[in-house]
Each structure stands twice: as structure tokens, then as C-alpha cells.
Amino acid sequence: ILNVEQSPQSLHVQEGDSTNFTCSFPSSNFYALHWYRWETAKSPEALFVMTLNGDEKKKGRISATLNTKEGYSYLYIKGSQPEDSATYLCAPRDGGSQGNLIFGKGTKLSVKP
Amino acid sequence: NAGVTQTPKFQVLKTGQSMTLQCAQDMNHEYMSWYRQDPGMGLRLIHYSVGAGITDQGEVPNGYNVSRSTTEDFPLRLLSAAPSQTSVYFCASSYKSWGNTEAFFGQGTRLTVV
């Protein structure tokens, strides 16, 4: 089972602040990394699926980068809004043949108006 | 397009009872899996399936059974419920390998075992 670390565990920011989170994972046998956004009382929804070293993905004010050689990914939110409040999960694919997603514990973001 | 549908949304069981959590997807996805989510823990994989007739164990399979007789359905059975199985359960599906296609999640089933 992969060891997936996300930091920080939680984050409180003011509306308009920009913020970023980190996901660390074993760099050996890398296949892909997923980011999900999980709002309270809802189900996780995919933000990005990243496969290539140096990959950068963007969706509106949210972007992510990937470094497979050193085993980390950053998620950035520019100009946070209250509706960005959620838990952000990263999930690298297990290097085994079945390739299951192994989820980190997430970073919980709270954005105050 | 319904996506991934889980039933029930809430359930209370007594210790020792059995029940089945239902999961169905209408996207013709090959990969399906069950996760449980507990406070302070990430989503942990219980069982998964790479296609009809094929299932395998995940990280925390004890006390649970699964079967995959059709592409659409992937039920999770609790054989004899225990308080340690109190959790929120999520079913997820993906078109092909998890690696390069996103997972779609159901709305979750909140299970309490008393």
C-alpha cells in the first residue's frame, strides 16, 4: 500500500487569498495522480488526472503541478472563494497491476467571506 | 445520466445483522470499487472489480463480501455487522484503468452499527 501524505491537514484563509497544498507519494513505479474535491455531505468529484512529469493542469482558478521524479504534486487555488471550501484529496495509482487509487487523508480548506 | 447510484443513503443495523449495500452505474464502466471513510482516515479500499465476474480484496476486506455478476452492479455485503463497521461507504467506478481516467463516486451510504 502506497504511503500518501497531504499537507497541511487543514487550512483557514480569507476570501481572496491564494493558497496551495502538497501531496507526497512514492516516486518509484509512478503511473498517475488524481486530485478530487470533496464538499461536505457530497461525494468526491475529480479535478485533475495527471500522468506526466512536469504536467500542469488548470480548471478555472484551480491548478496543479506534478513532479514524478521527487514524488509530489501541488494544488493551487488563486483568489479563494467561500465556495472553494471543501476537502481536497490526492490519490496516486497503486503501482500494482490492478492499479487501484490510494487516497491521502486530504486537506480541508475553509474560506471565510 | 444517473452516474453511480448507491442505496440506501442511511442505515442502522444491530450487531450481528447482515445487509447489502447496493451500487449501480450506467456508464458501462469496467472498474468498480468500494471504499469506507472514517474520521481522521483517508478513503480506504475494501474490495474492487476490474470487470464482470472478477473481484479482489483491497486494504480492509475483512467482514465484507462482493460479487460482480453484471457490468452495472457491484453490491457490498456485510455478513455479520460489527460496531467497527460503522462508517460512510462510497462506491466508485471508472471507465478503464484507474490510472488515466477519473473515478466517479456515488453519494455514499452512512451506516451505523449499534
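Note that this is a predicted model, so its numbers are computed, not measured. Lettering follows sequence order; numbering is per chain, from 1.
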Per side chain to side chain contact (heavy atoms under 4.5 Å, CB included), A:Pro44 is matched among B:Tyr35, B:Phe105, B:Phe104 by B:Phe105
The reported gap from CZ in A:Phe103 to CZ in B:Phe90 (rounded to nearest 0.5 angstrom) is 10.5 Å
Applying a strict 4.5 Å limit to non-hydrogen atoms, the region of B:Leu43 in contact with chain A is both
Following the transitive rule for hydrophobic clusters with a side-chain heavy-atom cut-off under 4.5 Å over Ile, Leu, Val, Met, Phe, Trp and Tyr, establish whether B:Leu78 and B:Val60 coincide in one cluster. yes
Is B:Tyr48 reachable from B:Ile54 through a run of hydrophobic residues whose side-chain heavy atoms are each under 4.5 Å from the next? yes
Value for NZ (A:Lys105) from CE (B:Met41), rounded to nearest 0.5 Å, stands at 6.0 Å
Applying a strict 4.5 Å limit to non-hydrogen atoms, the region of B:Gln37 in contact with chain A is side chain
Are A:Ile62 and A:Tyr74 linked, directly or through intermediate hydrophobic residues, by side-chain heavy-atom contacts shorter than 4.5 Å (ILVMFWY only)?
no
Turns out that what part of A:Trp38 lies under 4.5 Å from chain B's heavy atoms comes down to side chain
The reported gap from CD1 in A:Ile102 to CZ in B:Arg44 (rounded to nearest 0.5 angstrom) is 12.0 Å
For A:Lys42 and B:Gln107, the nearest pair of non-hydrogen atoms, with its separation, is CA-OE1, 4.4 Å
- Connected via hydrophobic side-chain network under 4.5 Å: A:Tyr72 and A:Val49: no
Practice item. Using a cut-off of 6.0 Å, state whether more than 12 heavy atoms not belonging to A:Glu15 lie near its atom CD. Key: yes
- Query: Within a radius of less than 6.0 Å around CD of A:Glu39, do more than 12 heavy atoms belonging to other residues, nucleotides or ligands occur?
  - Reply: yes
If one checks every heavy atom of A:Leu47 against chain B at 4.5 Å, the contacting part turns out to be neither
Taking every heavy atom of A:His34 against every heavy atom of B:Thr101, the minimum-distance pair comes out as CE1-O, 3.2 Å
If two hydrophobic side chains count as joined below 4.5 Å and joins carry through other members, does A:Trp35 share a cluster with A:Tyr76?
-> no
For the backbone of B:Ala103 and the side chain of A:Tyr36, can you confirm whether one donor and one acceptor N or O come within less than 3.5 Å of each other? yes
